[in-house]
Amino acid sequence: MKNKMLKIATLFLLLLSGSLKSQTVQILKDSVLFESNYYVLEEVKFNTGNQHTVAIYGEIQNAFDIFNKPSFEAPEKRIQAKKDMLLELISNNELRQANYGFEQYNIFYDKNQLLNLSVHLQSYGSPFEATRYYCFDLNTGKNIGSQLFINQTALLKCIKSRLKKQNGKLQPTLKALQDFKITTDSKNKITGISFMVADLENYRNSGYEQFEVVFTWKEIQKYIAPSFKKRII
(Lines give C-alpha, C1' and ligand atoms only; values in the text may rest on other atoms or scores of the structure.)
Protein backbone atom coordinates (compact mmCIF):
# COMPACT_ATOMS: atom_id res chain seq x y z
CA MET A 1 0.00 0.00 0.00
CA LYS A 2 2.83 2.41 0.87
CA ASN A 3 4.50 1.79 -2.48
CA LYS A 4 1.23 2.44 -4.24
CA MET A 5 0.72 5.67 -2.35
CA LEU A 6 4.21 6.80 -3.35
CA LYS A 7 3.11 6.57 -6.97
CA ILE A 8 0.37 9.08 -6.36
CA ALA A 9 1.25 12.68 -7.11
CA THR A 10 -1.00 15.63 -7.76
CA LEU A 11 -0.57 18.71 -9.88
CA PHE A 12 -1.46 22.25 -8.88
CA LEU A 13 -4.92 23.44 -9.89
CA LEU A 14 -4.83 25.10 -13.30
CA LEU A 15 -7.24 27.76 -14.49
CA LEU A 16 -7.32 27.19 -18.23
CA SER A 17 -9.64 28.43 -20.92
CA GLY A 18 -12.01 25.73 -22.09
CA SER A 19 -11.70 27.12 -25.61
CA LEU A 20 -10.19 30.12 -27.31
CA LYS A 21 -13.73 30.93 -28.41
CA SER A 22 -15.09 30.99 -24.88
CA GLN A 23 -16.01 34.31 -23.25
CA THR A 24 -18.21 33.31 -20.36
CA VAL A 25 -16.68 30.14 -18.95
CA GLN A 26 -13.35 28.45 -18.47
CA ILE A 27 -12.43 24.91 -17.54
CA LEU A 28 -10.80 24.24 -14.19
CA LYS A 29 -8.30 21.39 -14.52
CA ASP A 30 -6.49 19.27 -11.98
CA SER A 31 -4.88 15.86 -12.26
CA VAL A 32 -3.68 12.83 -10.32
CA LEU A 33 -0.75 10.62 -11.29
CA PHE A 34 -1.43 6.96 -10.61
CA GLU A 35 0.62 4.03 -11.89
CA SER A 36 2.39 6.12 -14.55
CA ASN A 37 -0.86 7.60 -15.89
CA TYR A 38 -2.25 11.09 -15.39
CA TYR A 39 -5.99 11.24 -14.74
CA VAL A 40 -7.41 14.67 -15.52
CA LEU A 41 -10.24 16.20 -13.53
CA GLU A 42 -12.31 19.04 -14.98
CA GLU A 43 -15.00 21.47 -13.89
CA VAL A 44 -16.79 24.43 -15.54
CA LYS A 45 -16.31 27.88 -14.01
CA PHE A 46 -18.05 31.12 -15.01
CA ASN A 47 -15.65 34.01 -15.51
CA THR A 48 -18.09 36.74 -14.59
CA GLY A 49 -20.93 37.00 -12.11
CA ASN A 50 -24.34 35.89 -13.30
CA GLN A 51 -27.41 35.53 -11.10
CA HIS A 52 -28.29 32.28 -12.87
CA THR A 53 -24.98 30.45 -12.42
CA VAL A 54 -26.18 28.43 -9.42
CA ALA A 55 -29.11 27.03 -11.42
CA ILE A 56 -26.86 26.33 -14.42
CA TYR A 57 -24.27 24.60 -12.23
CA GLY A 58 -27.04 22.49 -10.73
CA GLU A 59 -28.21 21.28 -14.13
CA ILE A 60 -24.73 20.60 -15.49
CA GLN A 61 -23.62 18.80 -12.34
CA ASN A 62 -26.68 16.57 -12.50
CA ALA A 63 -25.74 15.34 -15.96
CA PHE A 64 -24.24 12.28 -14.29
CA ASP A 65 -24.63 10.99 -10.75
CA ILE A 66 -21.05 10.89 -9.51
CA PHE A 67 -21.73 12.32 -6.05
CA ASN A 68 -24.33 11.23 -3.53
CA LYS A 69 -24.73 14.81 -2.34
CA PRO A 70 -26.33 18.12 -3.42
CA SER A 71 -24.83 20.25 -6.18
CA PHE A 72 -21.83 22.44 -5.40
CA GLU A 73 -22.30 26.18 -5.87
CA ALA A 74 -18.53 26.68 -6.15
CA PRO A 75 -16.80 24.72 -8.96
CA GLU A 76 -13.51 24.84 -7.04
CA LYS A 77 -15.12 22.82 -4.25
CA ARG A 78 -16.54 20.29 -6.68
CA ILE A 79 -13.25 19.62 -8.45
CA GLN A 80 -11.57 19.25 -5.05
CA ALA A 81 -14.29 16.78 -4.03
CA LYS A 82 -13.63 14.79 -7.21
CA LYS A 83 -9.95 14.74 -6.38
CA ASP A 84 -10.50 13.75 -2.75
CA MET A 85 -12.77 10.89 -3.81
CA LEU A 86 -10.28 9.68 -6.43
CA LEU A 87 -7.38 9.70 -3.96
CA GLU A 88 -9.45 7.89 -1.35
CA LEU A 89 -10.45 5.17 -3.81
CA ILE A 90 -6.83 4.74 -4.89
CA SER A 91 -5.52 4.56 -1.33
CA ASN A 92 -8.16 1.94 -0.45
CA ASN A 93 -7.52 -0.03 -3.65
CA GLU A 94 -11.18 0.43 -4.64
CA LEU A 95 -10.87 2.48 -7.82
CA ARG A 96 -11.74 -0.25 -10.30
CA GLN A 97 -14.66 -1.62 -8.29
CA ALA A 98 -16.12 1.87 -7.81
CA ASN A 99 -16.36 2.59 -11.58
CA TYR A 100 -15.23 6.13 -10.90
CA GLY A 101 -16.37 8.54 -13.62
CA PHE A 102 -14.22 11.25 -15.25
CA GLU A 103 -16.13 14.24 -16.62
CA GLN A 104 -14.85 16.21 -19.58
CA TYR A 105 -16.37 19.48 -20.79
CA ASN A 106 -16.39 20.94 -24.31
CA ILE A 107 -17.45 24.50 -25.09
CA PHE A 108 -18.88 24.80 -28.60
CA TYR A 109 -20.41 28.28 -28.62
CA ASP A 110 -20.17 31.14 -26.13
CA LYS A 111 -21.44 34.39 -27.56
CA ASN A 112 -24.31 36.86 -27.15
CA GLN A 113 -25.38 35.26 -23.86
CA LEU A 114 -25.78 31.82 -25.42
CA LEU A 115 -23.66 28.96 -24.12
CA ASN A 116 -23.55 25.61 -25.92
CA LEU A 117 -21.50 22.89 -24.23
CA SER A 118 -21.31 19.18 -23.55
CA VAL A 119 -20.45 17.01 -20.55
CA HIS A 120 -18.77 13.69 -21.35
CA LEU A 121 -18.38 10.88 -18.82
CA GLN A 122 -15.77 8.12 -19.10
CA SER A 123 -15.86 5.35 -16.52
CA TYR A 124 -12.57 4.05 -15.08
CA GLY A 125 -12.05 0.34 -15.66
CA SER A 126 -15.08 0.10 -17.92
CA PRO A 127 -15.83 0.88 -21.59
CA PHE A 128 -18.90 2.88 -20.56
CA GLU A 129 -19.08 6.48 -21.73
CA ALA A 130 -21.86 8.97 -22.36
CA THR A 131 -22.34 12.61 -23.36
CA ARG A 132 -24.97 15.22 -22.47
CA TYR A 133 -25.49 18.41 -24.48
CA TYR A 134 -26.76 21.80 -23.27
CA CYS A 135 -27.54 25.19 -24.76
CA PHE A 136 -28.16 27.80 -22.07
CA ASP A 137 -29.71 31.22 -22.47
CA LEU A 138 -27.59 33.08 -19.93
CA ASN A 139 -30.20 35.83 -19.70
CA THR A 140 -32.60 33.38 -18.05
CA GLY A 141 -30.41 30.49 -16.93
CA LYS A 142 -32.62 28.07 -18.88
CA ASN A 143 -31.45 25.20 -21.04
CA ILE A 144 -33.32 26.12 -24.21
CA GLY A 145 -32.66 22.83 -25.98
CA SER A 146 -35.12 22.27 -28.81
CA GLN A 147 -36.62 25.75 -28.29
CA LEU A 148 -33.82 26.99 -30.51
CA PHE A 149 -35.69 25.52 -33.48
CA ILE A 150 -38.99 26.09 -35.28
CA ASN A 151 -40.75 23.80 -37.76
CA GLN A 152 -39.51 20.96 -35.60
CA THR A 153 -41.48 18.20 -37.33
CA ALA A 154 -39.97 19.12 -40.69
CA LEU A 155 -36.48 19.36 -39.16
CA LEU A 156 -36.85 15.94 -37.52
CA LYS A 157 -37.97 14.47 -40.85
CA CYS A 158 -34.80 15.82 -42.44
CA ILE A 159 -32.68 14.35 -39.64
CA LYS A 160 -34.32 10.94 -40.10
CA SER A 161 -33.60 11.06 -43.81
CA ARG A 162 -29.92 11.80 -43.27
CA LEU A 163 -29.65 9.11 -40.58
CA LYS A 164 -30.54 6.38 -43.07
CA LYS A 165 -27.00 6.42 -44.40
CA GLN A 166 -25.64 5.67 -40.92
CA ASN A 167 -28.43 3.64 -39.31
CA GLY A 168 -31.52 2.95 -41.36
CA LYS A 169 -33.41 1.40 -38.42
CA LEU A 170 -33.00 4.31 -36.01
CA GLN A 171 -36.19 6.32 -35.50
CA PRO A 172 -35.35 9.50 -33.56
CA THR A 173 -38.02 11.45 -31.71
CA LEU A 174 -38.28 15.19 -31.13
CA LYS A 175 -35.97 14.68 -28.15
CA ALA A 176 -33.15 14.45 -30.70
CA LEU A 177 -33.47 18.21 -31.20
CA GLN A 178 -32.21 18.80 -27.65
CA ASP A 179 -28.78 17.26 -28.22
CA PHE A 180 -26.72 19.38 -30.58
CA LYS A 181 -23.46 21.23 -30.94
CA ILE A 182 -22.99 24.52 -32.75
CA THR A 183 -19.96 24.42 -35.04
CA THR A 184 -17.81 27.48 -35.76
CA ASP A 185 -14.71 28.39 -37.72
CA SER A 186 -11.45 29.91 -36.49
CA LYS A 187 -13.07 33.37 -36.39
CA ASN A 188 -15.92 32.08 -34.21
CA LYS A 189 -18.39 32.39 -37.07
CA ILE A 190 -21.08 29.74 -37.12
CA THR A 191 -20.67 27.13 -39.84
CA GLY A 192 -23.55 24.85 -38.86
CA ILE A 193 -25.20 22.66 -36.25
CA SER A 194 -24.69 18.95 -35.64
CA PHE A 195 -27.37 16.84 -33.95
CA MET A 196 -26.12 13.95 -31.83
CA VAL A 197 -28.74 11.20 -32.07
CA ALA A 198 -28.49 8.32 -29.61
CA ASP A 199 -29.65 4.78 -30.38
CA LEU A 200 -31.66 4.30 -27.19
CA GLU A 201 -33.09 0.97 -28.33
CA ASN A 202 -29.77 -0.86 -28.29
CA TYR A 203 -27.67 -0.58 -25.14
CA ARG A 204 -24.06 -1.74 -25.36
CA ASN A 205 -21.36 -2.17 -22.71
CA SER A 206 -19.95 1.17 -23.81
CA GLY A 207 -23.36 2.88 -23.52
CA TYR A 208 -25.71 4.10 -26.24
CA GLU A 209 -24.14 4.67 -29.64
CA GLN A 210 -24.47 8.23 -30.96
CA PHE A 211 -24.76 9.28 -34.59
CA GLU A 212 -23.86 12.77 -35.78
CA VAL A 213 -26.14 14.47 -38.28
CA VAL A 214 -24.51 17.56 -39.77
CA PHE A 215 -26.27 20.65 -41.13
CA THR A 216 -24.46 23.61 -42.64
CA TRP A 217 -25.54 27.08 -41.50
CA LYS A 218 -27.18 27.64 -44.87
CA GLU A 219 -29.26 24.50 -44.35
CA ILE A 220 -30.19 25.02 -40.70
CA GLN A 221 -30.78 28.77 -40.46
CA LYS A 222 -34.37 28.54 -41.69
CA TYR A 223 -35.14 26.36 -38.66
CA ILE A 224 -33.70 28.77 -36.07
CA ALA A 225 -36.37 30.47 -33.93
CA PRO A 226 -36.59 34.22 -34.69
CA SER A 227 -36.08 35.09 -31.01
CA PHE A 228 -32.60 33.52 -31.15
CA LYS A 229 -31.57 34.09 -34.75
CA LYS A 230 -29.97 37.48 -34.18
CA ARG A 231 -27.98 36.10 -31.24
CA ILE A 232 -26.62 33.08 -33.06
CA ILE A 233 -24.86 34.71 -36.00
Sequence neighbours excluded, which residues qualify as side chain to side chain donor-acceptor pair (under 3.5 Å) partners of Q122? none

Under the rule for salt bridge (charged side-chain N to carboxylate O under 4.0 Å, His left out), what residues qualify as partners of E59, not counting sequence neighbours? none

Can you tell me if E201 has over 12 outside heavy atoms packed within less than 6.0 Å of its CD? no

L155 to I220 - nearest heavy-atom pair and separation: CD1-CD1, 3.8 Å

Filter on side-chain hydrogen bond (donor to acceptor under 3.5 Å, both in side chains), then keep only pairs touching residues 148-159, sequence neighbours left out; what's left? none

Partners meeting side chain to side chain donor-acceptor pair (under 3.5 Å) with E219 (sequence neighbours left out): R162, T216

Residues at least two apart in sequence or cross-chain that pass ring pair (Phe, Tyr, Trp, His ring centres under 6.0 Å) with F64, listed by chain then number, are none

Going by the rule side chain to side chain donor-acceptor pair (under 3.5 Å), which residues pair with K82 if we only count those two or more places apart in sequence or in a different chain? E43, E103

For residues 209-233, which residue pairs qualify under ring pair (Phe, Tyr, Trp, His ring centres under 6.0 Å), counting only residues two or more places apart or in two chains? F195-F215

Sequence-distant partners of N99, side chain to side chain contact (heavy atoms under 4.5 Å, CB included), two or more places apart: S123, S126

In this structure, CD1 of I107 is separated from CG of N116 (nearest 0.5 Å) by 8.5 Å

Kindly give the heavy-atom pair with the smallest separation between A81 and F72, and that separation in Å. CB-CZ, 3.8 Å

Backbone of F46 reached by a side-chain donor or acceptor of Q26 within 3.5 Å: no

Minimum heavy-atom separation for Y109 and N112, please, with both atom names. OH-ND2, 4.2 Å

Using modelled atom types only, decide if a donor and an acceptor are shared between the side chain of D30 and the backbone of K83 within a distance under 3.5 Å. no

Taking ring pair (Phe, Tyr, Trp, His ring centres under 6.0 Å) as the cut-off, I'd like each qualifying pair that reaches into residues 151-188, sequence neighbours left out, listed once. F149-F180

Taking all heavy atoms of L163 and all of L170, pick out the closest pair and write down the distance. CD1-CD2, 4.0 Å

Single-linkage hydrophobic cluster L28~F67, side-chain heavy atoms < 4.5 angstrom: yes

Less than 6.0 angstrom separating the ring centers of Y39 and Y100, yes or no? no

Any donor and acceptor pair, going by atom type alone, linking the side chain of K229 with main-chain N or O of Q221 inside 3.5 Å? yes

Tightest non-hydrogen contact, residues V44 and I27, listed as CG2-CD1, 4.1 Å

Mind checking side chain to side chain contact (heavy atoms under 4.5 Å, CB included) for E73 and listing every partner two or more places apart, or none if nothing turns up? V54

Is the side chain of D185 donor-acceptor paired with the backbone N or O of K187 at a distance under 3.5 Å, no angle test? yes

Distance col, row Y134:OH vs L117:CG, nearest 0.5 angstrom, shows 8.5 Å

Side-chain contact, heavy-atom cut-off 4.5 Å: T183 with S194? yes

If every non-hydrogen atom of V197 is compared with every non-hydrogen atom of A176, which pair is closest and at what distance? CG2-CB, 4.2 Å

Test of understanding: with side chain to side chain contact (heavy atoms under 4.5 Å, CB included), list the residues that count as partners of S118, not counting sequence neighbours. N106, F108, T131, Y133

Using 0.5 Å steps for rounding, measure from the CG atom of N50 to the CD1 atom of I56. 5.5 Å

Interatomic spacing from CD in Q171 to OG1 in T173 - rounded to 0.5 Å: 10.5 Å

NZ of K160: more than 12 outside heavy atoms within 6.0 angstrom? yes

Qualifying residue for side-chain hydrogen bond (donor to acceptor under 3.5 Å, both in side chains) with H120, from E129, R132, E42: E129

For R231, give me all partners under side chain to side chain donor-acceptor pair (under 3.5 Å), at least two apart in sequence or on another chain. D137

Can you list the steps and then say if Q178 with S146 is a side chain to side chain donor-acceptor pair (under 3.5 Å)? CA-CA 5 Å; Q178 298 178 14; S146 60; 4.6 Å; no

